[in-house]
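Each chain gets a letter, A, B and so on, in the order its sequence line appears, and its residues count up from 1. Values below: every heavy atom of this structure, side chains too, minus hydrogens, waters and symmetry copies.
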Protein chains: 2
Amino acid sequence: MPLDDAEDAHQPNAAGSSTSNPGPNRKPTLKTIAELTGLAVTTVSRALGDDPLIARETRQRVQAAAAKVGYLPDRAAQRLRTGRTNVISLVLDPHEEILGYGTSMIRGMTATLRGTPYHLVITPHFSDTPQIDPVRHIVRNRMADGILFSRTEPSDERVKFLLEAGFPFVCHGRTELATPHPYVDYDNYRFTYEAAKKLIASGCRRLFIILPPERFTFHHHMRHGFMTAVREEGVGFEIAEGITLDSKADTVRNHVAARLADGDRPDGFICGGEVSAMAVMSATHDLGLEIGRDVRLVAKQTSGLFDQVRPQIETIYEDLSEAGRLMAGLLLKRMAGVTPVGELQAVLEV
Amino acid sequence: MPLDDAEDAHQPNAAGSSTSNPGPNRKPTLKTIAELTGLAVTTVSRALGDDPLIARETRQRVQAAAAKVGYLPDRAAQRLRTGRTNVISLVLDPHEEILGYGTSMIRGMTATLRGTPYHLVITPHFSDTPQIDPVRHIVRNRMADGILFSRTEPSDERVKFLLEAGFPFVCHGRTELATPHPYVDYDNYRFTYEAAKKLIASGCRRLFIILPPERFTFHHHMRHGFMTAVREEGVGFEIAEGITLDSKADTVRNHVAARLADGDRPDGFICGGEVSAMAVMSATHDLGLEIGRDVRLVAKQTSGLFDQVRPQIETIYEDLSEAGRLMAGLLLKRMAGVTPVGELQAVLEV
DNA sequence: TAGGCAATTTATAACGTTATAACCCGAGCA
DNA sequence: TGCTCGGGTTATAACGTTATAAATTGCCTA
């Protein structure tokens, strides 16, 4: 596709011939180029598509003319005619917007989509409606050619629906469905496993982990990695109940503070999110305890935040921007017709 | 506009009459409803638009039929015919994506746009191309009906261009242009003024401020508020040179550390961003100094971050989500035809 | 020289919508 | 009776693109 980003072409002030066009210069269409080159609209269309049926010389002539008048195809017309929308919908959950989670991903996605004809459209999912509603809406009304979303669940309704509809999508996180599907995930099992090992290696004997809400698949991955490590090492452990990575920071702080004030308090914390990690730190601080001496903490890092937080804690990095790039990349592949699911899955290593 | 969000209408399995339609049920169009009601396509179109020229009884009948088959207008066709895109473009600078700046705004915008026919499309602006390119592209090719952007400059090219083109937009931040234009801004003058006063009131005698890059209007607002306060109080001050709110956190930390190690070190810091505030805190900590005793810090808060950061610092809140809501709201007004610029401007109080 | 074939180009129709102008029909009036 | 009037409805065309089928041309073969 030779023409998708317009160079800053000058609009020639009197491009058309002596036709009495009212406006000084209208938006150039195929017709404009057809008149300019003396060809038929159809020919111009094909020439711009580099159709080998059109003589090479003609193609070049047409493409030159198009560039000269700064022609860009009308997306609405293309969409109406072909049924393709050139839109990719990112269905965003409000929770994902905290502290740049969604943002890093968006940056990655837009980077990949650059230079393609695709636009990224944010489709918010409001918490007072079922999770699947926006997805249904997009598919039913052909609002997009592909869908991206995250916070995947083991038996995700969206995945089931999209698979059945044969609609291209890539989600962040896996399911436990029998049918394989495209996804990008992070090795959250490994994350908690390594985090626990680190804490134990530095002397912790009672680990405390804050997990994502149970309905998400990565809750189970994280739990599993954690449990494997603590069982291997035979140390005490505790899984936070009543709070999750989605809980409000104040709630987490209060909960953690209560545990820290207790007799058999944990001495090692694992947080899969920056917000809750900050809450653990503030709770610790407020009780006069010290991170690194009284308790240790390993957090998942998804931004540069913890480089500046003091005292410094141990972190394990998840590159969400890379995840976004990958998700968009796989979706492009899928939309281009690649169907072997094996080529459409990726797990980012810890 | 009665129909924009489809309720989850069942697709009646054999809605059409005995016409031999190949697929079991196709996407319903005006034609579908026309056949169903025995009216002409034109009539259906008008009836759905609640055109008073159509008999009230007919309108109701048509709307009922539309709801029954789950009709939603084809956006591409509407767009092609009317020239309206039903799209609002948010032109995002990569810098704005740090720590949720853009994200909070997006949340506000999508909240306002909910229930309207408008979609929010993220148009990234890549730093290797002129700032105005995506804006030109959107206007020239009618990619959207309105534009939102931020990081406004005193003599902003985008504003000038959009004003001249008569294209609806709302920006975050003001210009110093003679022609008034729609904007939403935060009272950054007041922010730095109050921040400085607070620091001085708590005993600071040498203030240090980190400003946004000089090319942005709010650099000047912040500088002015700061200068006014320090002059009124006659205290020492220092304006960071070589670093800005956009500098990388490590750079800021090193710079601040160097100043703190100096003999006449500042004892009060003002940061208009969360990243730089964190950097000031880490620099302070690393030198064995203590926030609240040796130095004080007032930061702008745009998320819940500082509620968890210890030691606690003073912050002044800017509600970016509210800014996003307002920007979208004003843009809707503007696109609906409101032109008195006075009604399209807002400054959020500190 | 007619027929056929390949290489190009073109005409036509269609996607789903809406603006414009035309149509129909009964009521009211001269 | 013929006329206008106006409420209600409809036919037609157009937005810009592309898929399909058709047409044109030159050239080669029978």
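Although no hydrogens or angles enter the test, the distance criterion places a donor-acceptor pair under 3.5 Å between the side chain of A:Asp156 and the main chain of A:Arg158.
Within the 4.0 angstrom heavy-atom criterion, only backbone atoms of the sugar-phosphate kind lie near B:Thr82; the bases stay farther away. B:Leu39 comes within 4.0 angstrom of sugar-phosphate atoms only, judged by non-hydrogen atoms across all strands, and of no base. Residue B:Thr29 is classed as a sugar-phosphate contact, given heavy-atom separations below 4.0 Å to backbone atoms only.
Mapping B:Thr42 and A:Ala77 onto DNA chain D by nearest heavy atom places B:Thr42 at the nucleotide closer to the 5' end. With the nearest nucleotide of DNA chain D identified for both B:Arg46 and A:Gln78, B:Arg46 has the one nearer the 5' end.
Taking atom CZ of residue B:Arg56 and atom C1' of nucleotide D:dT9, one finds them 17 Å apart after rounding to whole Å. The CG atom of B:Leu53 sits 12 Å away from the C1' atom of D:dT10 (whole-angstrom rounding).
A donor-acceptor contact closer than 3.5 angstrom links the side chains of A:Gln63 and A:Asp50. When only modelled atom types and interatomic distance are considered, B:Arg325 and B:Ser321 share a side-chain donor-acceptor pair under 3.5 Å. A:Thr110 and A:Arg114 share no donor-acceptor pair across their side chains, judged by distance under 3.5 Å alone.
A distance of 8.5 Å separates CE in A:Met109 from CD1 in A:Ile122, rounded to the nearest 0.5 Å. A:Ile147 CD1 to A:Cys171 SG: the interatomic distance, rounded to the nearest 0.5 Å, is 11.0 Å.
Heavy-atom contacts of chain B under 4.0 Å fall on DNA chain C between two terminal nucleotides, which in 5' to 3' order are C:dG16 to C:dA21.
Axis deviation across the helix from C:dT1-D:dA30 to C:dA30-D:dT1 amounts to 80°, comparing end segments of five pairs, rounded to 10 degrees.
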Hey, can you pull the donor-acceptor pairs under 3.5 Å for the side chains in residues 84-91 of chain A, sequence neighbours left out?
residue: A:Thr85; atom: OG1; partner: A:Val87; partner atom: N; Å: 3.1
residue: A:Thr85; atom: OG1; partner: A:Asp145; partner atom: N; Å: 3.1
residue: A:Thr85; atom: OG1; partner: A:Asp145; partner atom: OD1; Å: 2.8
residue: A:Thr85; atom: OG1; partner: A:Asp145; partner atom: OD2; Å: 3.4
residue: A:Ser89; atom: OG; partner: A:Thr123; partner atom: OG1; Å: 3.2

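Each of B:Lys27, B:Arg79, B:Lys31 was evaluated against B:Asp74; a single residue qualifies, B:Lys27, per the salt bridge (charged side-chain N to carboxylate O under 4.0 Å, His left out) test.
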